[in-house]
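None of these values were measured; they are calculated from a predicted model. Below, read A as the first sequence line, B as the second, and so on, with proteins coming before strands; counting in each chain starts at 1.
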Number of protein chains: 2
Amino acid sequence: MEASNNEFLRGTLKTIVLKLLAERGRMYGYEITQSVKDRTNGEIMLTFGALYPVLHKLEQEGFLLTESVEVDGRLRKYYSLTPSGSASAAQKVSEFERFVEAMQSLLQPQQGLSMG
Amino acid sequence: MEASNNEFLRGTLKTIVLKLLAERGRMYGYEITQSVKDRTNGEIMLTFGALYPVLHKLEQEGFLLTESVEVDGRLRKYYSLTPSGSASAAQKVSEFERFVEAMQSLLQPQQGLSMG
DNA sequence: TTTGATATATAAAAATCTTATATATATTTG
DNA sequence: CAAATATATATAAGATTTTTATATATCAAA
């Protein structure tokens, strides 16, 4: 898979993963990459090299639980949120919304506005 | 100065700097940090340790020009955009808007929507 | 049998960011 | 006069994050 080569993705990976898990209950790594690609029409594509370290980090921080399930002779590792993971998901989403608002105040065209 | 401790800032620094310079014509480092802080009501605060490497990188990439001016006995280093810097500013802003739209499609609450 | 889709994962390297630090002038406060 | 604060630029060490490359393996289709 090719990466979306999107510099803005930096810093949003944990938020994306936590939010998807909050919504879906449990997901496995490959499923997360496909879901992100589908829902953004290919605009955002996660690489495995970025995703797995994030999943492991979140697990290590106590936000995720894992369970391995054999499906069609292959192992799938499902990730789901702990209570603190749920809390973190909600918090990160609202922090992102605030950040975007702040960014809009920087990126909106400033016409005749006073700029102290 | 304290940093805004905002993980989402990752990957947006160049965009912020380029956009401000496109708007203001020329600015010096300290002025950029103050402008960002003021316009975002303290939501986004750039640290010098992050800002100066970005300014030097953009200069190195041919997006910025510098001129040193003595003001009140102190040196100020003004940064302004080259033509390719202007082009990059416009492009990065529109890329950011696209990215935010993609993020909204991930972060919006999914209620009864079909989720392939 | 080769390609493509499905599936997880690590390692090396590069890029980026945080934190701490150094330097220096001018103004305000005590 | 001294100390603190605001103004001003910059680097270095360290931590974190991300990219790129690689390894492994099953199943289905061409």
Side-chain angles (χ1 to χ4, degrees), chain A residues 1-18 26-38 42 44-61 63-80 92 99 116, chain B residues 1-18 26-38 42 44-61 64 66-80 92 99 116:
Chain A
M1 178 195 288
E2 327 103 76
S4 55
N5 196 32
N6 197 328
E7 65 192 286
F8 301 118
L9 203 49
R10 295 177 150 280
T12 63
L13 286 177
K14 281 185 181 177
T15 302
I16 290 172
V17 168
L18 289 171
R26 66 174 204 179
M27 297 177 86
Y28 50 99
Y30 187 83
E31 187 183 15
I32 293 173
T33 65
Q34 294 306 300
S35 179
V36 167
K37 185 184 172 186
D38 289 348
I44 297 178
M45 289 198 272
L46 308 188
T47 57
F48 297 119
L51 178 63
Y52 286 114
V54 165
L55 287 170
H56 300 329
K57 186 85 191 300
L58 289 172
E59 187 182 1
Q60 193 187 308
E61 290 171 335
F63 293 147
L64 301 187
L65 293 175
T66 62
E67 51 179 321
S68 289
V69 178
E70 197 180 315
V71 179
D72 295 326
R74 274 172 277 175
L75 268 189
R76 265 187 201 166
K77 200 165 173 182
Y78 278 100
Y79 297 86
S80 58
K92 282 194 183 301
F99 175 73
Chain B
M1 178 193 288
E2 326 100 79
S4 55
N5 195 29
N6 197 325
E7 64 192 287
F8 301 118
L9 202 51
R10 295 179 148 280
T12 63
L13 285 177
K14 282 186 182 178
T15 301
I16 291 172
V17 168
L18 289 170
R26 68 174 202 177
M27 295 177 88
Y28 50 99
Y30 186 83
E31 187 184 13
I32 293 172
T33 64
Q34 293 307 300
S35 179
V36 167
K37 185 183 172 187
D38 290 347
I44 298 179
M45 289 197 272
L46 308 187
T47 57
F48 298 119
L51 178 64
Y52 286 114
V54 164
L55 287 171
H56 300 330
K57 185 86 191 298
L58 289 172
E59 187 183 359
Q60 194 187 306
E61 289 171 335
L64 301 187
T66 62
E67 51 180 319
S68 289
V69 178
E70 197 181 313
V71 178
D72 295 325
R74 273 173 276 174
L75 267 189
R76 265 188 202 164
K77 200 164 172 183
Y78 277 101
Y79 297 86
S80 57
K92 282 195 182 302
F99 174 73

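For the pair A:M45 CE and D:dT20 P, the interatomic distance rounds to 12 Å; values are reported in whole Å. Taking atom CG of residue A:L9 and atom P of nucleotide D:dT16, one finds them 20 Å apart after rounding to whole Å. Atom P of nucleotide C:dT18 and atom CZ of B:F8 are separated by 13 Å, given to the nearest angstrom. For the pair B:I32 CD1 and D:dA8 P, the computed distance is 13 Å after rounding to whole Å. Regarding A:L13, its CG atom lies at a distance of 9 Å from the C1' atom of D:dT17, rounded to whole Å. Between the CD1 atom of B:I16 and the P atom of C:dT16 there is a distance of 15 Å, given to the nearest Å. To the nearest angstrom, C1' of D:dT18 lies 13 Å from CD of A:E7.
Not a single salt bridge (charged side-chain N to carboxylate O under 4.0 Å, His left out) links A:K77 to another residue, sequence neighbours left out.
Of the charged side-chain nitrogens involved, none lies within less than 4.0 Å of a carboxylate oxygen, so that B:R76 and B:E31 do not count as a salt-bridged pair.
Nearest heavy-atom pair across B:P53 and B:F48 is CD-O, 3.8 Å. The shortest heavy-atom contact between B:K14 and B:K57 is NZ-NZ, 3.8 Å.
Taken to the nearest 0.5 Å, the NZ atom of A:K92 stands 11.0 Å off from the CG atom of A:L13. The CD1 atom of A:I16 sits 6.0 Å away from atom CG of A:L46, with the distance rounded to the nearest 0.5 Å.
Using a 4.5 Å heavy-atom cutoff, the side chains of B:T12 and B:I44 are not in contact.
Where the helix from C:dT1-D:dA30 to C:dG30-D:dC1 starts and where it ends, the local axes point in directions that differ by 10°; five pairs per end, rounded to 10°.
Taking every side-chain heavy atom of A:T47 into account, D:dT20 is the closest of C:dT10, D:dT20, C:dC17.
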task: Would you give a per-nucleotide map of nucleotides 4-9 of chain C, 5' to 3', where B means the base has a protein non-hydrogen atom under 4.0 Å away, S means only the sugar-phosphate does, and - means neither?
output: -SBSBB

